[in-house]
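Please read these numbers as outputs of a predicted model, since none were measured by experiment. Just so we're on the same page: letters track the sequence lines, and every chain starts at 1. Any value given below was found using the heavy atoms of this structure, including those in side chains, with hydrogens, waters and symmetry copies removed.
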Amino acid sequence: MDWEVVIGLEVHAQLNTTTKIFCGCPTAFGAEPNLHTCPVCLAMPGALPVLNGAAVDKAIALGLAIGAELNRHSIFARKNYFYPDLPKGYQISQYELPVVGKGALTVQLPDGGEKVVGVTRAHLEEDAGKSLHEAFIGQSGIDLNRAGTPLLEIVSEPDMRSSVEAVAYLKKLHTLVRYLDICDGNMQEGSFRCDANVSLRRPGAPYGTRAEIKNLNSFRFLEKAIEYEIVRQRDILESGGRIVQETRLYDANRDETRSMRGKEEANDYRYFPDPDLLPLVLDESRIERVRETLPELPDARRMRFMRQYALPAYDAGVLTAGRTLADYYEQVAVGVDGKLAANWVMGDLLGALNKAGVELEDCPVSAGKLRLLVQRIEDQTISGKIAKDIFDELFHRGGEVDAIIDSRGLRQITDVAAIAAMVDAIVTAHPQQAADFRAGKDKLLGFFVGQVMKASQGKANPDQVNAILLEHLQKG
Amino acid sequence: MELHEFSLRELRQGLRNRDFSSVELTTVLLKRISALNPALNAFVTVTESDALAAAATADARRAAGEDGPLLGIPMAHKDIFCTAGVRTTCGSRMLEHFVAPYNATVVERLTAEGMVMLGKLNMDEFAMGSSNETSYFGPVRNPWHTGMVPGGSSGGSAAAVAAGLVPVATGTDTGGSIRQPAALCGITGIKPTYGRVSRYGMIAFASSLDQGGPMARNAEDCALLLNVMAAHDPRDSTSHPAAASDFLRGLERPLQGLRVGVPEEFFGVGLDPEVAATVQAGIAELARQGAAVQSIRLPNNPHAVSTYYVLAPAEASSNLARFDGVRYTHRAPNPADLTELYQQSRYEGFGAEVRRRILVGTYVLSAGYYDAYYRKAQQVRSLIREDFRRAFAEVDVIVGPTTPTPAFPLGAKNADPVAMYLADIYTIAVNLAGIPALSVPCGFTAAGLPVGMQLMGDYFADDLLLNVAHRYQQETQWHRAHPSVHAREA
Amino acid sequence: MAFDQDTVRRTAHLARIALPQTEIPAVADQLERIMGLVEELRAIETTDVPIMAHPLDLDQPLRPDTVVNQDQREVLMASAPAAEHGLFLVPKVIE
């Protein structure tokens, strides 16, 4: 009998506010150690937290986007434990009453199907600082720049049944938080982190004991860690063993999960309502204000792309996976064929960016230039092949589309007389092939087209070359 | 009358008339501190040169035409308020060498008014105590009898004001820490409505109970100080938007028609008969001035102490977790590992009473006990607040003793923590509810120890309490009595 | 007895306080007395009584998302028992 894997994810999204959740220190990544600290985030005596309104708004935005209940009354609690990167000796989090309640996310699967994954809750909390171990012998250095960065912890229901579904959910959430502009989604820098709860059961049986896997900072690691965990748990269960509820760490170098047992004390977090903070109350006007600023969400945009630009589902999915890419595409697609624009954005543009290791935000070819390039193909000023050369030049050396066309003499030859003259010369130069064509070797048309295009340095209009060649060969 | 016995009103008049300068006044008090503090141990830190410089600045401001009510007047802060550049110990070894780089909001506001800080006042460690014996810097002694405790935790503040070392001081009150020492030292102190006075930079004991307030020799002086201390502070989420008020405005209102409630529960078993009689005489004086006195019930008041000793230690156990030996506190030498760094630093840095309360708080919050103790206490807290709500529908002010006994001898209650906790039996319910309350001197025992009468009011009735206390003090002389303290013999 | 010596040890560990073995019996006795004091709470009827977490019936105020940082690392770290290169130092953290 088969095993069914049951997966739930806990995602920590760092909210991209300007300042920390409870003080006015900047959240910017990469500053010198402890420069972005103050009495509040260093937990100095008498310092008190005051909640950042922008963090609340970003939590509301997520709640609205996943159709979740927004709790009009939520409570901040203290989670008590000692750790050097936790200056107060407690983390301010939300426990019994989170700001965002039940919601759901519709996830597109690679096989074209869809799945609805429940979101249990999302709550606001503060990030911890960092312990640095490299520079000192026998000691760790504590940097509290990150301490107090706002986090939204988004907890899913145990609704996923494969690593593929888990990855699809995480990707969808990743897309969503960037669309909403609530998190920069940078997984390497830890702005978007994921823990996975994984258990096995016989189909239809109650949930099995789960292991919590930490440190999954890429989609790939999430997939591999779950696959490893499925095998590990199955081997234990099938040999009659029992799964221990525990926290496990994914080690990417060895591609395995290992227990954090022993490192982790028997925790008793002693949650209680933080008396330094009052209940967070969301009034309707605040919620409406956030609702008005919500962008078009990925699902709606994907459907619109299919409709408005006549794109296949696959193209629409790729182009709406990121808000910046979708915005870029829509600028390119103004007044040109949607599918042609999509081919250029998904093919040449993304390919070039990928090869050069450049982000779309820093793309040297603006959407306006790419649109003009596509227009020049459509109005037959240049051929698609020439366009690729021009794109290459725009990408690597810059310049303007029309100026490049003119200065390099790339304008397509559409003058019938000029093309006819070239065709005449080529056919005359190859009498044997012309005779063979007339004798029925149709394939030789390609040979003639190639020769004419070569003679025109690629500038002759291929459709016209085709037509004139046929006419010339048949009549001859 | 000597300069060190002047009220704020008299000091201001003297400064205005150029009878003396702030520098002269400051010098007189600094001399008195240096003579008497060895006997009282009220000051942990004396900031002599800073004080003289601040006094000179105040004199210059006055010369330039300023005339604020507190300009150039000396004072001192309980060592729980952070003071930029001057160490803030909170009475603990943990913070023996801690210098805050910022001022508490209260300090900032009083300094801006031109008050001259003479130093930092001794206190029970982290404000946990009712006798000022838990301070790492040694006990404070009661100026009326140096063999007796001054009360706590603001014992240094009460002793310093009573002994004329400063005309006014700041204190904090979590379960009676302003009122109880004020009563035991014969001065006037008010715990304002929760949310009146910013807690920013005031080292937290129990955040939902802590409130700073003034301690002075009369109600008018308290009002003057509270006028500046009470203000909305955006740096404290629990600061009330309507915190500020003019507490002098209604001070003179006659007491005719005032409805006074006397709770039966405050006159039961455990109340010293001399204290009872003295407070009854105080209540009679209010009646003589036209107040209508009636008996009331606060049925849940007997649960206040047990409720408090769940909630306050719970909050404290978490509030004091930041004192971990990592960033600014005492650190045990050469810890073998991180756990030892924490455990040893916290063992060495905290005194026995603080450790006890941290343990109690940790226990009541821990898995399996939260509902039985913590949640239960939060519910009983509701009941205690409801008692007051019902009472204030019938009366304007509730009056009773501040403490069950007068000052007791040093060491008398050290063997049993619970005996010490019962010293706050009448003051704690007020903090649980968050309402204002004040202690005024209302007489002396046969042994010459002061007795305090407690006035409790509804939320934001701080002005009414000051008004009643002021009118009482217009007709009585108890607050004008001064102890004669002698410099300790060499 | 709620506060036996094991409970004291476990609680002290949670609170990260190193109580010497010699102090534990006395501490257990004191904590037992304190818990005896609060024990009476359990008998109070509180069905349907709401909890009171705070004296103020107000909402949490919200702060504007603007930087207020005085860049004062040196003074903030001046009381640090051990610091180097702008980092607080502790015995090695094992993860």
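Taking F388(B) as the reference, nothing meets the ring pair (Phe, Tyr, Trp, His ring centres under 6.0 Å) condition, with sequence neighbours excluded.
Residues from residues 301-315 of chain B that place a non-hydrogen atom less than 4.5 Å from a non-hydrogen atom of chain C comprise P302(B), H303(B), V305(B), S306(B), T307(B), Y309(B), V310(B), given in numerical order.
Look at R196(B) and D462(B) and you find a salt bridge, because one of the NZ, NE, NH1 or NH2 atoms lies within 4.0 Å of a carboxylate O, short of that distance. Classification of R33(C) and D416(B) as a salt-bridged pair holds, one side-chain N sitting under 4.0 Å from a carboxylate O. Under a 4.0 Å N-O distance rule, the pair R355(B)/E125(B) does not qualify as a salt bridge. Salt-bridge formation is detected for the pair R390(B)/D387(B): a Lys NZ or Arg NE/NH1/NH2 atom is positioned less than 4.0 Å from an Asp or Glu carboxylate oxygen. The pair D6(C)-R10(C) does not meet the salt-bridge criterion, since no charged nitrogen lies less than 4.0 angstrom from a carboxylate oxygen.
Of the atoms belonging to E74(C), not a single heavy atom falls under 4.5 Å from chain B. At a 4.5 Å heavy-atom cutoff, the contact between L89(C) and chain B is made by backbone atoms alone. Heavy atoms of A78(C) lying under 4.5 Å from chain B are absent altogether. With a threshold of 4.5 angstrom between heavy atoms, D57(C) approaches chain B through side-chain atoms but not through N, CA, C or O.
Y328(B) and F98(B) have their aromatic ring centers within a separation under 6.0 angstrom.
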